[in-house]
Amino acid sequence: MSVPTYSLNRCNEITRHFFESFGRDADFVSRSPGRVNIIGEHIDYCNFSVLPMAIDVEMLLAVHVVRGSTSIELKNADPKFAPRCFDIPLEASIGIDPALSDWSNYFKCGLLVAQTLCQETGQPMKDIGMQVFCQGTVPTGGGLSSSAAFICATALATIRAVKGPKYVISKQDLTRITADAEHYLGVNNGGMDQCASVCGEKDHALYVEFKPALKATPFPLPSSVRFIIANTLVVSNKFETAPTNYNLRVVECTIAASVLAHTHGVSLLGEKTPGNLRQVIYTLCERAKDTEGTAIQKDALDKIDEEINKLQYALNLVEETLGSRSKGYTMLEASTALEMTPEEFTREYLTSFPVRFHLLQLYLRARHVYSEALRVLQCLRLMTNVYSTSTDTQKFLRNFGTLMNTSQTSCRDNYECSCEETEQMCSIALNNGSLGSRLTGAGWGGCIISLCPDKESVARVKRALIDEYYNEKFPKISSSELDAAIIVSKPVAGSALYEYL
């Protein structure tokens with residue numbers, strides 16, 4: 001499927017700003033939206049599938065192509081981001097210094113991966129400059145992927161500038177080149193953000209798979225449904241807290257996978273890393289296919305049901321293997337379970353990232369990952385059922401909301417990535433009409449997402465959050481800050497170009 005093109009008449013505001021800034025008309029506009037993860041938290045780095053959607057906030061780039069130039073001029077509607085100008089080297093690649101925190105670095109990431117695609121397709125970016133006006137409504141720092149939206153819009157704009165208006169850009173190619181673009185900034189993401197931004201569809205959630213390849217499949221949601229994405233305004237300093245929060249969770253999941261693999265004789269040969277929880281269970285399930293008495297149904301014809309069976313088997317395995325130490329493992333206990341010396345264990349698991357711990361919570365982390373991956377599939381199963389009447393729709397929404405609530409419980413109790421403010425906001429939303437509320441993003445603050453069945457419940461939940469949370473905790477909060485903190489959105493379409501038609 002290709003990136004769609006629409007009339008530039010839809011973009012009058014940004015094209016007017018472009019003319020005011022550069023004194024000439026823009027040739028085209030590129031757009032990519034932000035995204036939110038509906039369900040599937042902290043499982044993407046174990047390569048389990050997730051369920052995001054593109055949301056109604058976006059990054060727009062108005063562009064004028066300057067032939068015979070190598071200069072890039074950037075201006076931003078937000079005065080916090082000062083104008084930037086740089087030249088594209090004739091021979092070498094664009095330099096990106098990840099140690100330098102500058103908004104233009106995200107543009108350079110998108111530019112660099114687009115240049116590579118153009119080179120691969122026999123039309124390098126030569127003697128082509130651009131004047132670009134950037135205008136975004138994706139809040140920065142809120143976990144809604146403002147950086148991915150910027151990078152995807154930039155890559156799309158660059159390809160259009162080089163290839164011209166008649167070139168057809170596939171969503172698959174745009175996703176493929178942007179998936180790893182933030183690696184140039186030292187951010188080790190897995191491609192979900194870019195995939196959701198590029199491939200979003202109106203009124204559809206996206207089932208994003210990472211293995212065997214990055215892929216997004218749209219599934220319909222009832223047209224009446226709306227989501228409220230609300231920021232707790234609690235900011236967790238990722239650098240300071242990573243050794244006890246995010247980094248530690250990644251390490252615990254890796255060690256849990258190793259203990260499961262070692263206990264059940266699973267070899268993860270050929271992997272550069274010790275392996276992850278998905279690899280372990282898939283290897284075991286392949287081995288169990290021909291074993292009588294296995295917990296996996298052999299006659300499951302439906303792919304979703306087969307995957308559900310695997311994860312139910314995985315949860316049983318966690319109880320059987322790790323449940324006896326549900327309170328946690330000391331380093332000595334974990335190394336003994338793997339038949340390693342403490343020194344070998346430290347070299348293998350505790351040197352890649354700085355971590356601090358008293359006990360390694362292998363049981364809790366594995367239980368969350370497998371149960372959360374199961375909830376994603378259960379949501380998928382719900383979305384494959386036909387809901388032709390209002391009663392069917394209400395039942396669907398209640399069941400979907402229950403899975404979101406269960407996800408929040410697991411994030412709080414098993415993964416321990418929630419916080420007091422997140423719990424408070426979820427409770428307020430649920431008490432005022434939300435059918436399901438949970439944290440979204442890494443957690444330890446950030447945003448929650450709430451499922452609202454109709455416009456009336458949206459209004460009640462939004463009013464309650466303002467009165468009972470924001471005005472109480474932040475009495476001096478301004479209306480513009482509230483607008484940035486609370487986003488109401490249905491699933492929207494992904495990346496697009498706007499041209500003179």
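Side-chain N/O atoms of Ser480 and Ser478 include a donor and acceptor closer than 3.5 Å. Counted by atom type alone, Ser407 and Arg438 present one or more donor-acceptor pairs between their side chains at under 3.5 Å. For the 3.5 Å distance criterion, the side chains of Ser371 and Arg375 qualify, holding a donor opposite an acceptor. A donor atom on one side chain and an acceptor atom on the other are not found under 3.5 Å apart for Thr402 and Asn405. In this model, no donor atom of one side chain and acceptor atom of the other lie less than 3.5 Å apart for Glu468 and Gln424. No donor-acceptor contact under 3.5 angstrom links the side chains of Arg35 and Gln194, judged on distance only.
Between His368 and His42, the ring-plane angle classifies as perpendicular under the 30° and 60° cut-offs.
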Donor-acceptor pairs under 3.5 Å, side chain of residues 486-499 to any protein atom, not counting sequence neighbours: which ones?
from	atom 1	to	atom 2	distance (Å)
Ser489	OG	Asp56	N	2.8
Lys490	NZ	Ser223	O	2.8
Ser495	OG	Ser32	OG	2.5
Glu499	OE1	Arg160	NE	3.4
Glu499	OE1	Arg160	NH2	3.1
Glu499	OE2	Arg160	NE	2.5

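Remark: Lys108 qualifies as a cation-pi partner of Phe86 under the 6.0 Å distance and 45° angle criteria applied to the six-membered ring.
Between Ala82 and Trp103, the shortest heavy-atom distance links the atoms O-NE1, 2.8 Å. Summarising the geometry of Ile177 relative to Ala155, their closest heavy-atom pair is CD1-CB, 4.3 Å, with the distance given to 0.1 Å. The minimum heavy-atom distance between Val168 and Ser2, with the atom names listed, is CG1-CB, 3.4 Å. When every heavy atom of Cys118 is checked against every heavy atom of Ile159, the shortest pair comes out as SG-CA, 4.3 Å. The heavy-atom pair separating Ala216 from Val208 by the smallest distance is CB-CG2, 4.3 Å. Contact record, Asp305 with Arg381: OD1-NH2, 3.3 Å, taken as the closest heavy-atom pair.
Put simply, the side chain of Ser197 never gets that close to the backbone of Asp193: no donor and acceptor are under 3.5 Å apart.
Applying ring pair (Phe, Tyr, Trp, His ring centres under 6.0 Å) to Tyr246 and the options Phe353, Tyr45, Tyr415 leaves one that passes, Tyr45.
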Requested in this report: Go through the steps for Thr121 and Lys163 under the test side chain to side chain donor-acceptor pair (under 3.5 Å), then give the verdict.
Outcome: CA-CA 10 Å; Thr121 53; Lys163 298 285 192 178; 2.6 Å; yes
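Side-chain contact between Cys253 and Val250 is absent, with no heavy atoms from C-beta onward closer than 4.5 Å.
Of the charged side-chain nitrogens involved, none lies within less than 4.0 Å of a carboxylate oxygen, so that Arg16 and Glu13 do not count as a salt-bridged pair. Ionic pairing of Asp392 and Lys395 is not present here: no N-O contact between side-chain nitrogen and carboxylate oxygen is shorter than 4.0 angstrom.
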